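Notes follow the structure.
Bear in mind the structure is a predicted one, so any value in this text is a computation, not a measurement. We're numbering straight along the sequence, starting at 1.
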Amino acid sequence: MTRPFSFAVALLAVGLLVVIAQGNPLSQIKQAANQTRDAAEEKSEQVAEDAKHDQAQRAAVDGPIDESAIYHAIAMMTPTEGNSTRGWVRFDADKRGLTVTAKITGLTPNQKHGFHIHEFGDISDPHGKSTGGHYNPEGHDHALPQGHAQHRHAGDLGNLVADAQGNATFTQIFKNITISHPEHNPILGRGVIIHAKRDNGGQPTGNAGARIAQGVIGVANSK
């Protein structure tokens, strides 16, 4: 039984008890029932309006309402054999696109390091090779000019820039990937790789060198 219907039944029962106790005729009982119905309809409209408002508020943050969609994911980065690079890369979806943020330690100080989404979320190989090649569902096979807004392929996240202590933070919005949308380059379950060198735009790997950290993109526990 829905809440508005339960509310209507309760009001009707109270109204009938009142008119019966007062010994009022049938016409007054009908009048009380009509008043109860009107109050229930008003309550139902208010509940619907509140729900609509809640959805609008959520849509303003998370985009269109889709209860099956996944809006937050994370990859915990662990060092490959012989390296010490670690940290996390997070993915948060909203109406602007997919915001990728990262916090990484153990990099080469004052150096850029390419990092990419790779085909597979398989980190069984100690050198990161089991993650396969770059995630490239659209089949891009050429480099774009440096600084071009359109990334070469869906897995290209650019470069991390390490400070003098070998730490890096990163924040950027991407519009060519999603966490789980089946038709828009979904990344959930795939791998993330951090490379030893900077990505200079060359194909197919960006000439970024060895794989020094790896992780798997999974559903985040919370915002």
Side-chain angles (χ1 to χ4, degrees), residues 72-94 96-123 125-138 140 143-179 185-220 223:
H72 309 283
I74 192 168
M76 298 305 298
M77 306 301 297
T78 58
T80 56
E81 190 172 282
N83 296 291
S84 58
T85 303
R86 64 179 67 249
W88 52 263
V89 182
R90 188 175 174 92
F91 306 86
D92 296 288
D94 60 27
R96 299 171 300 170
L98 190 63
T99 299
V100 179
T101 55
K103 187 172 183 179
I104 306 296
T105 63
L107 299 167
T108 302
N110 301 313
Q111 181 177 304
K112 291 183 178 180
H113 293 263
F115 79 126
H116 311 97
I117 299 169
H118 281 239
E119 294 177 280
F120 309 116
D122 181 350
I123 58 174
D125 182 83
H127 301 287
K129 298 296 186 181
S130 55
T131 58
H134 290 187
Y135 180 45
N136 186 16
E138 296 171 333
H140 293 307
L144 295 171
Q146 187 173 6
H148 196 287
Q150 176 65 42
H151 285 265
R152 298 190 310 279
H153 51 71
D156 178 16
L157 300 178
N159 286 290
L160 298 167
V161 182
D163 61 17
Q165 287 72 48
N167 303 322
T169 58
F170 178 93
T171 301
Q172 189 168 325
I173 297 174
F174 295 84
K175 297 184 180 295
N176 62 336
I177 52 176
T178 64
I179 293 177
N185 301 338
I187 62 171
L188 190 67
R190 301 191 183 278
V192 179
I193 290 290
I194 298 173
H195 292 271
K197 300 178 182 179
R198 73 181 183 93
D199 184 334
N200 65 6
Q203 288 295 331
T205 63
N207 301 317
R211 307 177 183 198
I212 59 175
Q214 60 181 345
V216 179
I217 302 170
V219 179
K223 294 184 179 182

If you compare all heavy atoms of Ala213 against all heavy atoms of Thr85, which two are closest, and at what distance to 0.1 Å? CB-O, 3.6 Å
Are any non-hydrogen side-chain atoms of Phe174 and Ile187 less than 4.5 angstrom apart? no
Not counting sequence neighbours, which residues clear ring pair (Phe, Tyr, Trp, His ring centres under 6.0 Å) with His113? List them please. none
Does Ser130 have any side chain to side chain contact (heavy atoms under 4.5 Å, CB included) partners at least two apart in sequence or in another chain, and if so, which? Asp122, Ser124, Asp125
Shortest non-hydrogen separation from Arg190 to Tyr135 and the atoms involved: NE-CE1, 3.2 Å
Shortest non-hydrogen contact from Ala154 toward Asn185: CB-ND2, 3.8 Å
Among Arg211, Gln214, Glu119, the one residue meeting side chain to side chain donor-acceptor pair (under 3.5 Å) with Thr131: Arg211
When rounded to the nearest 0.5 Å, the distance separating CD of Gln165 from CG of Asn110 is 8.5 Å
Using a 4.5 Å cut-off on heavy atoms from C-beta on, say whether the side chain of Ile104 contacts that of Phe170. no
Is Ile212 close to Thr108 at the side-chain level, that is, under 4.5 Å between some pair of heavy atoms? no
Heavy-atom pair with the smallest gap, counting every atom of Arg90 and Ala220: NH1-CB, 3.6 Å
Backbone N/O of Ala210 and side chain of Lys197: donor-acceptor pair under 3.5 Å: no
Could you tell me if the side chain of Ile193 sits less than 4.5 Å from the side chain of His195, heavy atoms only? yes
Pairwise side-chain contact, Trp88 with Thr101, heavy-atom cut-off 4.5 Å (strictly under): yes
Do Met77 and Val89 touch side chain to side chain, with heavy atoms closer than 4.5 Å? yes
Stepwise side-chain contact (heavy atoms from CB on, under 4.5 Å) check, His72 with Ile74: CA-CA 7 Å; His72 309 283; Ile74 192 168; over 6 Å; no
To the nearest 0.5 Å, what is the distance between CG on Asp156 and CG on Asn176? 8.5 Å
For a quick test of reading the model, state the closest non-hydrogen atom pair linking Gly215 to Ala75 and the distance between them. C-CB, 4.4 Å
For Thr105, all residues meeting side chain to side chain contact (heavy atoms under 4.5 Å, CB included), sequence neighbours excluded: Arg86, Asn167
Measure across Leu160 and Ala102 and return the closest heavy-atom pair with its distance rounded to 0.1 Å. CD2-CB, 4.3 Å
Among side-chain atoms of His153 and His116, is any donor-acceptor pair under 3.5 angstrom? no
